[in-house]
Colleague: 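Take a look at the following structure, please.
These figures come from a predicted structure and were not determined experimentally.
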Amino acid sequence: MTSIPAMRKGKIPGLLLLLAAIFLTCGKPKEEPVESGIVQIRGKADWTENGEDLPFQAHSFALRVDKNVDEGSFSLTLTVRNQYGILLQSLNFADIPFNKGSYVLVKDIITFDGLSNAFFGYREADLILKAYYVVEQDSTNFFSVDSLDAETGKVSGRFSVTMSHFQAPTPAYPDTLYIRDGWYEATVNYR
C-alpha cells in the first residue's frame with residue numbers, strides 16, 4: 001500500500017505545471033506601443049524597372065509624419081517580396097507634401113528639409129545589397145499626388161525616377177535604374 005506522503009510527492013510536480021499553465025494563459029495580453037505622430041499606411045503599387053515588369057508583387061506600406069498642423073508630408077516605402085515574404089527591393093519616397101500636385105525628386109536624403117527625394121535598394125531581408133540615389137539631371141523624375149481625401153486618408157498617384165548606384169559596381173545589379181510607369185494607391189490608417 002502506498003503512503004499518503006508518497007502520493008503527494010508524485011502529484012506536486014503535475015499540480016505545479018497545471019498552475020503555471022493557468023497563470024501563463026490568463027495573463028493580460030501584451031499591448032502594442034503606439035508612437036505619436038506616426039501613422040501607418042497600407043496599399044498597393046506597381047512599376048517597371050529598366051523596361052521589365054516586377055518579378056514579384058509589390059507590397060506597400062508608408063509613414064505619414066506631420067510637420068505641423070497646417071502642412072503635412074509623408075514618406076512612401078514600396079517593397080517587393082518573393083513568394084516566401086523575403087524582402088527583395090525597397091523604393092522609398094520621402095518628404096512628399098500631403099497635398100495634390102507633382103513634385104520634383106532630388107538626390108539629397110535629408111528628412112524634412114522641404115525637398116522630395118527617393119532612395120532604392122536591392123535587398124536580402126535587412127541587408128542592402130546595392131543602393132541607388134536620384135539622378136537629378138533626368139527631367140522625367142517626378143512623384144505626384146493625383147487624388148487625396150483628407151477625411152478617409154486615401155491617397156494615390158504616379159511616379160517616375162532614374163537612379164544611379166552609389167556603391168562599387170556589382171555585375172549582379174545594373175548601375176542605373178529606370179523606374180517608369182509607377183503608380184500607388186494607399187490609405188492612411190488613422191488608428
Colleague: Do E136 and N117 come within less than 4.5 Å of each other through their side chains, counting heavy atoms only?
Modeller: no
Colleague: If you look at every heavy atom in S147 and K100, which pair is closest and at what distance?
Modeller: CA-CE, 4.2 Å
Colleague: Can you check whether N141 reaches V134 side chain to side chain, under 4.5 Å on heavy atoms?
Modeller: yes
Colleague: Take L91 and I179 through the test side-chain contact (heavy atoms from CB on, under 4.5 Å) and record every step on the way to the result.
Modeller: CA-CA 10 Å; L91 174 58; I179 296 173; 4.0 Å; yes
Colleague: Evaluate the side-chain proximity of T162 to Y132: yes if any heavy-atom separation is below 4.5 Å, no if none is.
Modeller: no
Colleague: Answer yes if L87 and Y173 sit in the same cluster of Ile, Leu, Val, Met, Phe, Trp and Tyr residues linked by side chain heavy atoms under 4.5 Å apart, and no otherwise.
Modeller: no
Colleague: So do K44 and W183 actually touch side chain to side chain, heavy atoms under 4.5 Å?
Modeller: yes
Colleague: Just by modelled atom types, is the G101 backbone N or O under 3.5 Å from a matching donor or acceptor in the S144 side chain?
Modeller: no
Colleague: Scan side-chain atoms only and decide if E49 and W47 contain a donor-acceptor pair under the 3.5 Å cut-off.
Modeller: yes
Colleague: For R180, run the side chain to side chain donor-acceptor pair (under 3.5 Å) check against T48, N50, T140 and tell me which one passes.
Modeller: T140
Colleague: With a 4.5 Å heavy-atom cut-off, do I128 and F119 have their side chains touching?
Modeller: yes
Colleague: Group every Ile, Leu, Val, Met, Phe, Trp and Tyr by side-chain heavy-atom contacts under 4.5 Å, then state whether L105 and V135 land in the same group.
Modeller: no
Colleague: Distance to the ring centre below 6.0 angstrom and angle to the axis at most 45 degrees; does that hold for K107 and Y133?
Modeller: yes
Colleague: Using ring centroids (six-membered ring only for Trp), state whether Y103 and F143 fall under 6.0 Å.
Modeller: no
Colleague: Among residues at least two apart in sequence or on other chains, which ones pass side chain to side chain donor-acceptor pair (under 3.5 Å) with T79?
Modeller: none
Colleague: Is the F98 ring parallel, tilted or perpendicular to the F74 ring (thresholds 30°, 60°)?
Modeller: perpendicular
Colleague: Under 4.5 Å between side-chain heavy atoms, hopping through other hydrophobics if needed: is there a path connecting Y184 to F142?
Modeller: no
